Amino acid sequence: MAHTAHAESQLSDPELDRLYADFDHAHLNPLWTQLDSLMPGTPSPRAVPFVWKWSTLYPLAQRAGDLVPVGRGGERRAIALANPGLGGAPYLTPTLWAAIQYLGPKETAPEHRHSQNAFRFVVEGDGVWTVVNGDPVAMRRGDLLLTPGWAFHGHHNETDQPMAWLDGLDIPLVHYTDTGFFEFGADGVTDESTPDISRSERLWAHPGLRPLVGLDTRTSSPMAAYRWEHTDAALREQLALEDEGFSATTEPGHAAVRYTNPTTGGDVLPTIRAEFHRLRAGASTRARRDVGSAAYQVFDGSGEFHLGDTTYSVGKGDLIVVPSWVEWSIHADDELDLFTFSDAPVVERLGFHRTITRQGA
Ligand code: GTQ
Ligand code: FE2
């Protein structure tokens, strides 16, 4: 077909020119002139590998905090990480949004709800409560907080210090599929209390135990917070078991956990996977490619990300985007703690997933 189209274009037949013009007027568009871009042999992502440094993100968020009020209408002081390959759209990848959100001392971001699923991950600071369907959830360093689609949520900072964190949402996916709804809620937050742990954790966060009031299967995890102490302990034990000669890590020196929905054992959100990885000092991951897009945020330590042909040195707070089918690997200089999220639940559910691991790398 491509050959035929090429041969035709050489002729500049006026009949053919008229045909293409008539296609255009009739809102028709032939496959044969664009097969390579519509159906490439392997994924050919428009999103590019990229790294945002925390030392760039935080001061800019701070300046927004000084200049831009947070309140009804704008809703959130959230600044999206715009992948340079996506034409200026506020998208990290074709499916994922990531933003740094900043809340000054005593500020409140009003309640609202939307179809889009969201999480927050805290790389530094504390003192903000996110109120999810009326349940106040403390945000502290190392915690993963969930805001499933259509749950009301607002955030309030109880302290005299600002706080910034990472938001992840499926905004681009919902945008491309024309599936989003949005509603305003209370102008403040519906519960201003500041408990150490949320009601959702009191009900659900007991290892291996689920309450008999919650035996139905939920699309998103009913647990609003996954606390650092549990994540850290799980990773520490994997490496300790490896030291003791037991098989506990995915590859040498590489501990990893996936955050799960306790009603299914599957991903925490229908559209977003979240995991935490710890590499021992000096450890490397095997180079691989995956269908679907992912991002990493360095929680602690330093190392290198190899993305395609480029090596990026990264440290605490830096955010790294790994587009679909780009070869990637990680090397830890000192012990490297990484939060990661991806669109894997979507890719897997639709049967699009493939991966290649380079052997002996
Ligand atoms: O905190 O509710 O980064 O609605 C983007 C959209 C955060 C939020 C974002 C949102 C929020
Ligand atoms: Fe929101």
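Each ligand, and each atom within it, is numbered from 1 in the order the structure gives. Please read these numbers as outputs of a predicted model, since none were measured by experiment.
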K.L.:
Give the contacting part of H114 toward ligand 1: side chain, backbone, both or neither, where contact means a heavy-atom distance below 4.0 Å.
P.N.:
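It is the side chain that gets close, since no backbone atom is under 4.0 Å.
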K.L.:
Distance only, no hydrogens: is a donor on one side chain within 3.5 Å (strictly under) of an acceptor on the other, for S198 and E201?
P.N.:
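Yes, E201 and S198 have a side-chain donor paired with an acceptor closer than 3.5 Å.
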K.L.:
Just jot down the ligand 1 atoms closer than 4.0 angstrom to any heavy atom of A78, in number order.
P.N.:
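What qualifies from ligand 1 is 3 (O), 9 (C).
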K.L.:
With heavy atoms only and a cut-off of under 4.0 Å, state how T147 meets ligand 1: side chain, backbone, both or neither.
P.N.:
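Neither; no heavy atom under 4.0 Å.
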K.L.:
Less than 4.0 Å between a side-chain N and a carboxylate O, is that true for R236 and D232?
P.N.:
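So D232 pairs with R236 through a salt bridge.
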K.L.:
Against F119, only a single residue in W165, Y226, F341 fulfils ring pair (Phe, Tyr, Trp, His ring centres under 6.0 Å); can you say which?
P.N.:
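The option that passes is F341.
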K.L.:
In terms of atom number and element, which parts of ligand 1 are under 4.0 angstrom from non-hydrogen atoms of H155?
P.N.:
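Result: 1 (O), 2 (O), 8 (C).
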K.L.:
Determine the minimum heavy-atom distance between T179 and S115, stating which atoms define it.
P.N.:
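Taking T179 first and S115 second, the nearest heavy atoms are O-OG, 3.7 Å.
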K.L.:
Suppose I only count heavy atoms of H153 and a 4.0 Å limit; which atoms of ligand 1 are within that range?
P.N.:
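Listed by number with element, the hits are 2 (O), 8 (C).
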K.L.:
Would you kindly say whether H331 and S284 are connected by a side-chain donor-acceptor distance under 3.5 Å?
P.N.:
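Note: H331 and S284 side chains meet the donor-acceptor criterion.
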K.L.:
Identify which protein N/O/S atoms are less than 2.8 Å from the Fe ion (ligand 2).
P.N.:
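Hits for the Fe ion (ligand 2) below 2.8 Å: H112 NE2, H114 NE2, H153 NE2.
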K.L.:
Between H112 and ligand 1, which part of the residue brings a heavy atom under 4.0 Å of the ligand: side chain, backbone, both or neither?
P.N.:
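Just the side chain.
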K.L.:
Closer than 4.0 angstrom, basic N to acidic O: yes or no for D290 and R288?
P.N.:
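Counted as a salt bridge, because a side-chain N and a carboxylate O are separated by less than 4.0 Å.
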K.L.:
If the cut-off is 4.0 Å to any non-hydrogen atom of A99, which atoms of ligand 1 fall inside it?
P.N.:
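Matching atoms, with element in brackets: 3 (O).
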K.L.:
Between H306 and E304, do the side chains contain an N or O donor and an N or O acceptor separated by less than 3.5 Å?
P.N.:
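There is no such pair (donor and acceptor under 3.5 Å, judged by atom type) between the side chains of H306 and E304.
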K.L.:
Hey, are E183 and R113 close enough for a salt bridge, meaning a charged N less than 4.0 Å from a carboxylate O?
P.N.:
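Between R113 and E183 there is a salt bridge, with a charged N closer than 4.0 Å to a carboxylate O.
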K.L.:
Excluding sequence neighbours, so at least two apart, what forms side-chain contact (heavy atoms from CB on, under 4.5 Å) with V48?
P.N.:
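For V48 the side-chain contact (heavy atoms from CB on, under 4.5 Å) partners, ignoring immediate neighbours, are N83, P84.
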K.L.:
Does K316 come within less than 4.0 Å of D300, counting only side-chain N to carboxylate O?
P.N.:
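Looking at K316 and D300, the cut-off is not met.
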K.L.:
Which residue and atom name correspond to the protein heavy atom nearest atom 6 (C) of ligand 1, and how close is it?
P.N.:
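Looking at atom 6 (C) of ligand 1, the protein heavy atom closest to it is L169 CD2, 3.9 Å.
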K.L.:
Any donor-acceptor pair under 3.5 Å linking the side-chain atoms of R76 with those of H112?
P.N.:
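Their side chains do contain a donor-acceptor pair, which is all the 3.5 Å distance test asks for.
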K.L.:
Check if R76 has a non-hydrogen atom at a distance under 4.0 Å from any atom of ligand 1.
P.N.:
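Yes.
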K.L.:
If you have a sec, work out which protein heavy atom is nearest atom 7 (C) of ligand 1 and how many Å separate them, to one decimal?
P.N.:
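Scanning the protein heavy atoms, the shortest distance from atom 7 (C) of ligand 1 goes to D167 OD2, 3.3 Å.
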